[in-house]
Amino acid sequence: MGKRNPVKPVSHDLLQATMDASTDMIQVFEAIRDDDGEIVDFRWVLNNHRSERLYGEVRGESLLERNPGVVVEGIFDAFCRVTETGIAEQKEHHYVHEQFDGWFYQTVVKLGDGVATTTRDISEWKASQAELIRLREEMVQIKLADSESQLAAIFATAPVGLSVVAPDGRFLRVNDELCRIVGRSRGEVLAGGVADLTHPDDLAPSVEALRQAAATGQPATLDKRYCRPDGTLVWANSTISLLPDGHGQANRFLVVTSDLTERRKADALQRVLIAELQHRTSNLMGVVRSIANDSVRAADDLTDFHAQFNDRLEALSRVQSLLSRLSEHDRVSFDDLLRAELAAMGGTADRVTLDGPAGVRLRSSTVHTLAIALHELATNAVKYGALGQPGGRLAVRWTLEPEGEGGKPWLHIDWQESGVDMRASGPARDGGGQGRELIEQALPYQLGARTSYALGPEGVHCTIAMPVSTSMASLPPFAPF
């Protein structure tokens with residue numbers, strides 16, 4: 001076999017697709033502790049593409065050396081608290097240090113002995129909020145009796161919901177954006193009051209915000225839910241200010257309402273991404289730990305261990321490459337996994353026959369383990385069998401049983417070598433080694449599979465039967481290898 005390319009970092013291969021799906025910066029840090037176990041710094045472990053565009057390649061670097069401003073802003077202390085307590089934190093930061101100058105909303109969660117963070121640039125949102133405050137203050141200073149035309153223009157063009165509300169909660173004036181937010185016509189809104197549109201659980205805080213603005217003369221802000229006629233709820237942020245009349249008496253309120261629907265969806269997506277990141281990291285660490293333990297047991301010395309371990313990590317990397325190209329709810333298919341492994345091992349069309357249905361989807365929990373099993377079979381065939389001897393041939397056939405054991409679909413795989421001179425294979429072929437142990441013991445235990453492995457007169461004959469996903473991908477007919 002030819003020289004293989006260097007192994008890419010496994011963590012990057014595993015998490016790249018998930019992390020790069022976000023337009024936010026996603027970073028993973030591990031804690032650096034002194035001899036007493038106290039956290040003295042953090043080290044970058046992972047960055048997504050968004051983060052790399054701002055920071056460059058910083059994996060392995062010190063957080064405090066690269067960004068000392070995190071101490072001033074309290075970010076370092078937050079990282080330490082989350083690492084030690086496991087309690088997630090979220091906070092806005094006005095960060096004006098190093099190469100940054102803006103507002104950021106950061107979520108910090110514990111991940112191993114360190115943290116994973118998502119950071120969103122909210123500078124534009126903050127600027128828009130400042131503009132809304134400026135607009136509100138400008139409007140408060142205008143006497144309604146002398147500036148009706150100006151107020152009408154502002155109401156007509158404002159990109160946020162605007163309303164004038166009486167002390168008893170009745171709407172006196174509304175603009176089109178507020179009507180869109182609450183899902184009602186102008187006439188329907190003006191016919192009622194705040195209580196008619198507000199979710200019952202948020203009515204008391206809304207009344208309290210009106211009371212507070214009237215008592216203090218200062219704006220009051222709250223997030224609340226509006227009830228639309230079709231029963232759906234919409235989250236919005238409302239800022240309430242006293243509004244003077246033409247005689248300078250503040251006897252009504254100006255309410256500025258911003259739709260929070262998209263922002264809350266984005267926050268929910270961030271939480272899903274972090275949960276998926278933690279789940280996939282845990283799964284990957286288990287697979288890598290198993291590979292390392294098996295390689296240690298099978299290796300004769302450190303050099304042999306290094307070769308075996310890297311070889312298996314390359315197989316794992318190929319799986320991650322397939323995963324990174326999938327859409328959100330797709331799965332890896334068996335034929336894609338098989339062809340990727342055979343191509344990497346040098347299997348060619350004149351030596352290999354593949355026969356089976358395309359698009360048999362594999363369960364996410366089985367992909368890594370099955371990939372390592374196929375890698376062991378292919379490696380064995382290259383070293384001793386059908387892919388390593390001139391007269392050898394390999395046939396891989398598979399079928400899908402729609403209703404197998406337990407009423408679930410089962411995939412049946414038949415790996416058959418032929419034309420192999422078993423005498424030329426040498427004694428290393430006889431015991432089967434780690435690959436045989438993986439197929440006969442690990443697959444039944446981890447995947448609930450049924451397997452067989454035999455050294456026939458012309459090479460290996462292996463069968464694997466295992467449950468697969470209940471859905472089939474919509475793919476074209478299988479193309480021969």
*side chain to side chain donor-acceptor pair (under 3.5 Å) with Glu131: which residues, sequence neighbours excluded?*
Arg134

*Under the side chain to side chain donor-acceptor pair (under 3.5 Å) test, which residues partner Thr216, sequence neighbours left out?*
none

Is any side-chain heavy atom of [X] closer than 4.5 Å to a side-chain heavy atom of [Y]?
| X | Y | answer |
| --- | --- | --- |
| Ile240 | Leu222 | yes |
| Asp77 | Arg81 | yes |
| Asp24 | Tyr105 | no |
| Tyr55 | Gln27 | yes |
| Leu178 | Leu162 | no |
| Leu411 | Phe334 | yes |
| Arg186 | Asp176 | yes |
| Tyr226 | Thr198 | yes |

How many angstroms lie between atom [atom1] of [X] and atom [atom2] of [Y], to the nearest 0.5 angstrom?
| X | Y | atom1 | atom2 | value |
| --- | --- | --- | --- | --- |
| Thr107 | Lys91 | OG1 | NZ | 13.5 Å |
| Arg43 | Glu30 | CZ | CD | 5.0 Å |
| His93 | Ile75 | NE2 | CD1 | 4.5 Å |
| Arg120 | Ile26 | CZ | CD1 | 10.5 Å |
| Glu403 | Leu400 | CD | CG | 11.0 Å |
| Trp44 | Ser62 | CH2 | OG | 7.5 Å |

*asked:* Can you tell me if Glu57 has over 12 outside heavy atoms packed within less than 6.0 Å of its CD?
replied: yes

*asked:* Quick check on Glu124: does its CD atom have over 12 non-hydrogen neighbours (other residues, nucleotides or ligands) under 6.0 Å away?
replied: no

Within the distance-only criterion (no hydrogens, no angle test), does the side chain of [X] pair as donor or acceptor with the backbone N or O of [Y] below 3.5 angstrom?
| X | Y | result |
| --- | --- | --- |
| Trp398 | Pro357 | yes |
| Asp335 | Gly359 | yes |
| Lys110 | Val115 | no |
| Asp41 | Leu64 | yes |
| Asp168 | Arg170 | yes |
| Ser123 | Trp103 | yes |
| Asp202 | Arg225 | yes |
| Arg50 | Asn48 | no |

*Hey, is Asp230 close enough to Arg228 for a salt bridge, meaning N to O under 4.0 Å?*
no

*Can a salt bridge be assigned to the pair Glu208 and Lys224 using a cut-off of 4.0 Å between side-chain N and carboxylate O?*
no

[X] and [Y]: which non-hydrogen atoms are nearest, and at how many Å?
| X | Y | value |
| --- | --- | --- |
| His97 | Gly69 | CG-CA, 3.7 Å |
| Gly217 | Leu242 | CA-CD1, 3.9 Å |
| His94 | Gly102 | CD2-O, 3.4 Å |
| Gly37 | Arg33 | O-NH1, 2.7 Å |
| Val189 | Cys179 | CG2-SG, 4.2 Å |
| Arg184 | Asp196 | NH2-O, 4.2 Å |

*Relative to the ring of Phe104, is the ring of Tyr95 parallel (under 30°), tilted (30 to 60°) or perpendicular (over 60°)?*
perpendicular

*Classify the ring geometry between Phe29 and Phe79 as parallel (under 30°), tilted (30 to 60°) or perpendicular (over 60°).*
tilted

*Under the side-chain contact (heavy atoms from CB on, under 4.5 Å) criterion, do Phe171 and Val165 qualify, and how do the steps go?*
CA-CA 5 Å; Phe171 286 104; Val165 178; 3.9 Å; yes

*Establish, from distance only, whether the side-chain atoms of Asn67 and Glu98 form a donor-acceptor pair under 3.5 Å.*
yes

*Between the side chains of Gln106 and Thr119, is a donor N or O closer than 3.5 angstrom to an acceptor N or O?*
yes

*Which is it for Leu197 and Cys227 under the side-chain contact (heavy atoms from CB on, under 4.5 Å) test, yes or no, and what are the steps along the way?*
CA-CA 6 Å; Leu197 308 181; Cys227 301; over 6 Å; no

*Worked check of side-chain contact (heavy atoms from CB on, under 4.5 Å) between Asp113 and Thr83*: CA-CA 6 Å; Asp113 189 28; Thr83 301; 3.6 Å; yes

*Measure from NZ or CZ of Arg450 to the centre of the six-membered ring of Trp410 and say whether it is under 6.0 Å with the direction within 45° of the ring axis.*
yes

